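Structure first, then comments.
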Amino acid sequence: MTGSPRAVLPITLKAVIAALVLEAAGLVTYGSFTLTAAADGQAFSYGAAITEGVVWIVLAVLLGVFAWTLAKRKSWARNATIFLQLMLLPIGYFMIKGGHPGWGVPVLALGLLSVLVLMSAPVREALGIE
């Protein structure tokens, strides 16, 4: 493939984008389960379940948007993504405490790993951040 070196995304940035897409898919799935539980009457609190389901899906949309903007090499997306990843850490914690460690542990791990990779030199260089 020919072109400028800026045309090729570094593997670290590709990994972060893949992690964001994976997190978005997981949150859509979790949000859908939460909304289904509310609709079936299985949720402890109907209002809380609806709110949680909507929040998970909105977060998934944000993660998808940030993955797309990082793929387009928009430097502003890095800081927004770091912020959102840090916000997902307590969500993962409360998923674990709420009895869903199978969901919470991956959210915590991917969030932490994504922040570390987003702060790495290859990602900063690819996005034009010094």
Side-chain angles (χ1 to χ4, degrees):
M1 185 169 149
T2 60
S4 69
R6 187 157 162 82
V8 179
L9 292 175
I11 190 72
T12 50
L13 189 54
K14 287 179 185 177
V16 168
I17 292 168
L20 290 174
V21 170
L22 183 63
E23 286 176 348
L27 285 174
V28 165
T29 304
Y30 190 73
S32 298
F33 285 151
T34 304
L35 291 173
T36 302
D40 290 345
Q42 297 173 351
F44 180 71
S45 169
Y46 177 79
I50 294 293
T51 303
E52 285 179 32
V54 170
V55 166
W56 301 143
I57 292 172
V58 168
L59 284 173
V61 169
L62 285 172
L63 287 169
V65 167
F66 292 151
W68 181 73
T69 54
L70 284 171
K72 296 281 188 183
R73 295 182 186 248
K74 304 290 184 189
S75 61
W76 64 265
R78 176 183 167 266
N79 292 338
T81 304
I82 289 172
F83 175 77
L84 191 57
Q85 292 299 311
L86 291 174
M87 299 284 50
L88 287 176
L89 296 179
I91 290 172
Y93 172 78
F94 284 110
M95 283 179 168
I96 294 168
K97 288 296 184 183
H100 299 286
W103 294 94
V105 170
V107 169
L108 277 171
L110 282 173
L112 212 55
L113 185 61
S114 295
V115 168
L116 293 174
V117 174
L118 281 166
M119 296 173 75
S120 70
V123 169
R124 287 194 325 264
E125 290 172 10
L127 297 174
I129 300 170
E130 293 183 16

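Just so you know, these numbers use all the heavy atoms, side chains as well, and skip hydrogens, waters and symmetry mates. These numbers were taken from a predicted model, which means no experiment stands behind them.
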**OP:** Would you mind listing the cluster partners of Phe94? Hydrophobic ones only (ILVMFWY), side-chain contacts under 4.5 Å, chaining allowed.
**Re:** Tyr93
**OP:** Kindly give the cluster partners of Phe83, where membership spreads through any ILVMFWY side chain lying under 4.5 Å from a current member.
**Re:** Met87
Original post:
Backbone N or O of Ala126 within a donor-acceptor pair of the Arg73 side chain at under 3.5 Å?
Top reply: yes
**OP:** Compare all side-chain heavy atoms of Ile96 with those of Val107 and state whether any distance is below 4.5 angstrom.
**Re:** no
**OP:** Taking the side chain as every heavy atom from C-beta outward, state whether Val123 and Met119 have any atom pair closer than 4.5 Å.
**Re:** no
Subject >> Qualifying residues under side-chain contact (heavy atoms from CB on, under 4.5 Å), relative to Leu35, sequence neighbours excluded >> reply: Ile50, Ile57
Original post:
Atom CH2 of Trp103 and atom CG of Leu27: how far apart are they, to the nearest 0.5 Å?
Top reply: 8.5 Å
Original post:
How far does NZ of Lys72 sit from CD1 of Ile17, to the nearest 0.5 angstrom?
Top reply: 11.0 Å
Subject >> Minimum heavy-atom distance between Ala38 and Ala49, given as atom pair plus value >> reply: CB-CB, 3.5 Å
**OP:** Apply side-chain contact (heavy atoms from CB on, under 4.5 Å) to the pair Leu86 and Ile82, showing each step before the final yes or no.
**Re:** CA-CA 6 Å; Leu86 291 174; Ile82 289 172; 4.1 Å; yes
Subject >> Pairs involving residues 18-39, ordered by first then second residue, that meet side-chain hydrogen bond (donor to acceptor under 3.5 Å, both in side chains) (sequence neighbours left out) >> reply: Glu23-Gln85
Side-chain donor-acceptor contacts of residues 110-118 below 3.5 Å, not counting sequence neighbours, with atom names and distances?
{"residue": "Ser114", "atom": "OG", "partner": "Leu110", "partner atom": "O", "Å": "2.7"}

Taking distance alone, no hydrogens or angles, what donor-acceptor pairs closer than 3.5 Å link side-chain atoms of residues 61-71 to residues at least two apart or in another chain?
{"residue": "Thr69", "atom": "OG1", "partner": "Val65", "partner atom": "O", "Å": "3.1"}
{"residue": "Thr69", "atom": "OG1", "partner": "Phe66", "partner atom": "O", "Å": "3.0"}

